[in-house]
Participant: 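Following this message is one structure expressed as structure tokens.
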Amino acid sequence: MDAGDKANDKVAALDKQIARYHLRGQWQSARDPLRPQRIQRDNQNRVLMEPSTSGVPHCWKWNDISEFMRLALEHLDQSFTARRALIMTNPGLQRGTTHTLAAAYQVVAPGEIAWAHRHSINALRIGIEGSADVFTVVDGVAVPMEPYDVVLTPGWRWHEHHNKTDKPACWLDCLDVPFTLALNQSFYEDLGDATQERVADEDVLSEMMLRPVGSTDPASKAIRYPWKKTWEGLQRVAREGVSPHDGAALDLVDPITRGSVLPTINVSAHLLPPGYRGKPVRRSASSISFVIQGEGTTVVDDAEISWQRHDTLVIPNWTWQRIINRSSSEPAVLFTLSDAPILHKFGLFRQQTAPD
Ligand code: GTQ
Ligand code: FE2
């Protein structure tokens, strides 16, 4: 036994002793305590560590989803749960679509009301099948959800959903469930009544223009981003210039802060011209894309994900992606929902592009 072994024995004994005091020596992990899971060397042979990817790339197909929504309508009593939603669980995660965000397709039967509740979790919806008679009531105001409108229910706002048509209505939900649960900050309340008392739109408008002295609330009351405006904006951007990575792209923003629509979720719209081939990019943010029209392929690390209208695909954090429009005649259009606002707030957002 040499001196080194003796020292090791002493360290092992120390490890055991301190464990009884709920302590762990930093020296116990062979790797750095910062514990990123990908260890590499940079071009000067220095240690370079990166986070692992949470979850895997995956695409949920509209063909499957629409059939399951039909069955959910057939088999589920509306009072069974507050919402009839198909939550997309990432095949590589215990919960969530990404490690921060959860997306779901939600269906509401003709004449049905999904009762009023509120939660600290932030949520938004993208209309798929709907009309002016499909609406969410947010803090007493009815907000119509037509196809591809984006409707927000920021944290702790009362909301209930109505379908006053004779056909099932559906939309895509996106919520910051895994993020809020990881912080153990999930608060929830039922209103008790199915529906809220309505307030006049004018009251809300005047609230938007006036702010009590001393109030620091920077949040605007903008709740609805009509598709018509988004589409006009996309076409304008497409004429002005197309990004090498994201097609013609624009962010939906809060009209007062000019920041993301929700504190945790950014919404961007993308138009890929016919034959568009994006260059590789990777971001520390994770994202979920919903296809509005067209057909394409997103190459994520080594996986090729083909998508078409109303499919939803997930791009995990820190994976290389490049996006391709497979059609040589039709544009492809997508919404992308990302957790980038969380990362920006803490100075953690990173983006890398590949050399040509
Ligand atoms: O529509 O209020 O997919 O509260 C999950 C939780 C939708 C909603 C979901 C919800 C909602
Ligand atoms: Fe909700």
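Computed from heavy atoms alone, side chains included, the values below leave out hydrogens, waters and symmetry copies. Each ligand, and each atom within it, is numbered from 1 in the order the structure gives.
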Participant: Identify the heavy atoms of Gly92 and Val56 that sit nearest to each other, and give their distance.
Facilitator: N-CG2, 3.8 Å
Participant: Quick one, Lys164 with Glu112, criterion salt bridge (charged side-chain N to carboxylate O under 4.0 Å, His left out). Give me CA distance, side-chain angles, the key distance, then yes/no.
Facilitator: CA-CA 7 Å; Lys164 293 216 161 149; Glu112 189 174 82; over 6 Å; no
Participant: Provide, to 0.1 Å, the distance between atom 6 (C) of ligand 1 and the closest protein heavy atom, together with that atom's residue and name.
Facilitator: Leu175 CD2, 3.7 Å
Participant: List ligand 1 atoms under 4.0 Å from His117, heavy atoms only on the residue side.
Facilitator: 2 (O), 4 (O)
Participant: When you compare the side chains of Glu160 and Gln196, does any donor N or O come within less than 3.5 Å of an acceptor on the partner?
Facilitator: yes
Participant: With no hydrogens and no angle check, do the side chains of Thr336 and Ser338 hold a donor and an acceptor under 3.5 Å apart?
Facilitator: no
Participant: May I ask you to list the atoms of ligand 1 that are less than 4.0 angstrom from any heavy atom of Ala85?
Facilitator: 3 (O)
Participant: Distance to 0.1 Å, residue and atom name: give those for the protein heavy atom nearest to atom 8 (C) of ligand 1.
Facilitator: Arg83 NE, 2.9 Å
Participant: Please walk me through it: do Phe290 and His270 pass ring-ring contact (aromatic ring centres under 6.0 Å, His included)?
Facilitator: CA-CA 10 Å; Phe290 173 73; His270 302 260; over 10 Å; no
Participant: Looking at Arg125, which atoms of ligand 1 are within less than 4.0 Å of one of its heavy atoms?
Facilitator: 1 (O), 2 (O), 8 (C)
Participant: In this structure, is the centre-to-centre distance between the rings of His117 and Tyr188 below 6.0 Å?
Facilitator: yes
Participant: Should you measure from each heavy atom of Gln106, which atoms of ligand 1 turn up under 4.0 Å away?
Facilitator: 1 (O), 7 (C), 8 (C)
Participant: Could you tell me whether the side chains of Asn317 and Ser284 share a donor-acceptor contact shorter than 3.5 Å?
Facilitator: no
Participant: Would you say the rings of Trp60 and Phe68 are close, in the sense that their centroids are separated by under 6.0 Å?
Facilitator: no
Participant: Give me the nearest non-hydrogen protein atom to atom 9 (C) of ligand 1 as residue plus atom name, then the distance to 0.1 Å.
Facilitator: Asp173 OD2, 3.5 Å
Participant: Within the 4.0 Å heavy-atom shell around Ala104, which atoms of ligand 1 are there?
Facilitator: 3 (O)
Participant: Under 3.5 Å, is there a donor on one side chain and an acceptor on the other for Ser327 and Asn325?
Facilitator: no
Participant: Report, as a single number, the protein N, O or S atoms less than 2.8 Å from the Fe ion (ligand 2).
Facilitator: 3
Participant: Considering non-hydrogen atoms of the protein only, which is the closest contact for atom 1 (O) of ligand 1, and what is the distance?
Facilitator: His161 NE2, 2.6 Å
Participant: Hey, what's the ring geometry for Trp62 with Tyr105, parallel, tilted or perpendicular (30° and 60° as the breaks)?
Facilitator: tilted
